2 protein chains.
Amino acid sequence: MTARPEPTLAQRKRQLVADELTRAALDLLARKGFDAVTVDDIVGAAGVSKRTFFRYFASKEDVVVQFLGEMGTGMRAALAERPAQEPPSVALRHTVWSAVDACAGHGEQTLRVIRLILGTPALLARFLERQAQWRDALAEELTRRLGLGPAGLYPQLAAGAALTAFDTVLQRWSAGEGDQDPAALTDEAFAVLAPALDSVV
Amino acid sequence: MTARPEPTLAQRKRQLVADELTRAALDLLARKGFDAVTVDDIVGAAGVSKRTFFRYFASKEDVVVQFLGEMGTGMRAALAERPAQEPPSVALRHTVWSAVDACAGHGEQTLRVIRLILGTPALLARFLERQAQWRDALAEELTRRLGLGPAGLYPQLAAGAALTAFDTVLQRWSAGEGDQDPAALTDEAFAVLAPALDSVV
DNA sequence: CGCATGCTTGACACCAAGTGTCATTAGGGG
DNA sequence: CCCCTAATGACACTTGGTGTCAAGCATGCG
């Protein structure tokens, strides 16, 4: 039962450093902007060396993007859990909603990070790059779900459309002042896309 | 009539330098890979100083991505030229096709650049970032075309879906050995997406 | 207890991307 | 012929990111 109640202390310490680094970075970056904060600033605030920072994060962008890191695997898992006979549009709507909800549910902090990403070209680029991987994962899962061959374009297109919906909802939601209901936005987006998503060849 | 037959020599010289820089960069990058080539290598091959390089391109990625630079404005122009009563799916199919054709028609060089971009994370990131701008432009044009208000999500979703189609076609086409017909791929992609694109609210 | 082992860290040197500054040069127009 | 502008190269500098190595510290074992 005790699958992993005790991550060996060493791992817990490691997690502690990572958390502190993330906290210090997001705080500084959200307040001063991405370019106005150097890695030295971050490690100064966190109390570690620059070298240690790059042992935990591959790049300065990575601190921010990794904060949204589990969302990719989360979405694939969410899609895998939907009943097999469910129409793609419904399954994907729940998939996207799981991610949107993870963003919208975590309070002010996540909103600030989203705004930071969408407003910083370098961060947006990394975010989209990561999304391209999510797209491949979702497409793979869709192919498996529907028992399709590798020939058709449908899985890639459907996964891409779902992520476009995700981006659009995120953009609208983060642009407003909490006046936009993310659930309603997600439903609206999938109402538009559903005719294509359910037109499985 | 002579709108601009003589770009003042100075501008012609400037263009010459830019072309030589682009040529040297693409040649080296395509052969050795993005990370294995430094800016000093490029400027050495082109016979200019490093400082001059950054007067022409904002970053190392920019040399590659700017090579596909006109495609963004080209797509918007292509969309604007389509007849107003044409269904969105048809207009957007022609829009995407104009870009795909620009890639597929320019011979081996463009194919190598596409493969370089899709195979290099840093370049893919910049490419997707630029596409996000194209998406906004296309969405704006769609809003104008259809006389929609700023409330709905349709324009962003439709533009995003079209660009997903573009990416998917590009990916398939560049992965094959010329055995894939880009026109057929484009048609197939839009056959899937059309039901959503034409479901204007 | 003492020691070996492995993991994490910090210090330091180093490379590459990108920017600010300034002196030089070449064209172009009066 | 001279001045004005634009382009360039040289150089120093900041910042992101990596390689290397020695020191610190917990753990395990004799």
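Please read all numbers here as calculations on a predicted model, not as lab measurements. Protein chains get the first letters and strands the later ones, always in sequence-line order, with residue 1 at the start of each.
DNA chain D lies under 4.0 Å from at least one heavy atom of each of the following residues of residues 37-47 of chain A: A:V37, A:T38, A:V39. Scanning residues 26-35 of chain A for heavy-atom distances under 4.0 Å to DNA chain D yields an empty list. Contacts of residues 114-132 of chain B with DNA chain C (heavy atom under 4.0 Å): none. A heavy atom lying under 4.0 Å from DNA chain C marks the following residues of residues 51-59 of chain B, by number: B:R51, B:F54, B:R55, B:S59.
The shortest non-hydrogen separation linking B:S98 to B:T95 is OG-O, 2.6 Å. Considering all non-hydrogen atoms of both residues, B:Y154 and B:L146 come closest at CE2-CD1, 3.6 Å. Closest of all the heavy-atom pairs between A:Q66 and A:E70 is O-OE2, 4.3 Å. Counting all heavy atoms, side chain and backbone alike, A:G149 lies closest to A:T143 at O-CG2, 4.2 Å.
A side chain to side chain contact (heavy atoms under 4.5 Å, CB included) with B:S174 is found for exactly one of B:I114, B:L116, B:T110, namely B:I114.
Salt-bridge check for A:R76 with A:E140: passed, with a basic side-chain N closer than 4.0 Å to an acidic carboxylate O. With respect to A:R130 and A:D62, a salt bridge is recorded, a charged nitrogen being found less than 4.0 Å from a carboxylate O.
Taking 4.0 Å as the cutoff to heavy atoms of chain A, we find the contact window on DNA chain D bounded by D:dT15 to D:dT27. Here the range on DNA chain C touched by chain A, meaning any atom under 4.0 Å from one of its heavy atoms, is C:dT8 to C:dA11.
In terms of position along DNA chain D, the nucleotide closest to B:V17 lies nearer the 5' end than the nucleotide closest to the other residue of the pair B:K50 and B:V17.
Residue contacts shown for A:K13 are absent, as no nucleic acid heavy atom lies under 4.0 Å away.
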Quick one: side chains of residues 157-171 of chain A, donor-acceptor pairs under 3.5 Å with protein atoms, not counting sequence neighbours, listed by atom name and distance.
from, atom 1, to, atom 2, distance (Å)
A:T164, OG1, A:G160, O, 3.0
A:D167, OD1, A:Q131, NE2, 3.3
A:D167, OD2, A:Q131, NE2, 3.0
A:T168, OG1, A:T164, O, 2.7
A:Q171, OE1, B:R135, NH2, 3.2

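Listed by chain and residue number, nothing satisfies the ring pair (Phe, Tyr, Trp, His ring centres under 6.0 Å) test with A:F67 (two or more places apart in sequence, or in another chain). With sequence neighbours left out, B:E188 forms a side chain to side chain contact (heavy atoms under 4.5 Å, CB included) with A:L153, B:L185. Partners of A:R23 according to the salt bridge (Lys or Arg N to Asp or Glu O under 4.0 Å) rule, which considers only residues two or more places apart in sequence or in another chain, are A:E20.
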Please lay out, stage by stage, how A:L197 and A:F190 fare under the test side chain to side chain contact (heavy atoms under 4.5 Å, CB included).
CA-CA 9 Å; A:L197 297 178; A:F190 275 88; 3.7 Å; yes
Given the rule in the side chain to side chain contact (heavy atoms under 4.5 Å, CB included) test, do B:E81 and B:H94 qualify, once you have shown the distances and angles that lead to the verdict?
CA-CA 10 Å; B:E81 281 176 6; B:H94 282 98; over 6 Å; no
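Sorted by first and then second residue, the pairs that involve residues 30-59 of chain A and meet salt bridge (charged side-chain N to carboxylate O under 4.0 Å, His left out), not counting sequence neighbours, are A:D27-A:R31. Among pairs with a residue in residues 91-114 of chain A, those fulfilling salt bridge (charged side-chain N to carboxylate O under 4.0 Å, His left out) read A:R93-A:D187, at least two apart in sequence or across chains.
A side-chain N or O of B:S49 and one of B:T52 form a donor-acceptor pair less than 3.5 Å apart.
Judged purely by atom type and a 3.5 angstrom limit, B:D19 has no side-chain atom pairing as donor or acceptor with the backbone of B:V17.
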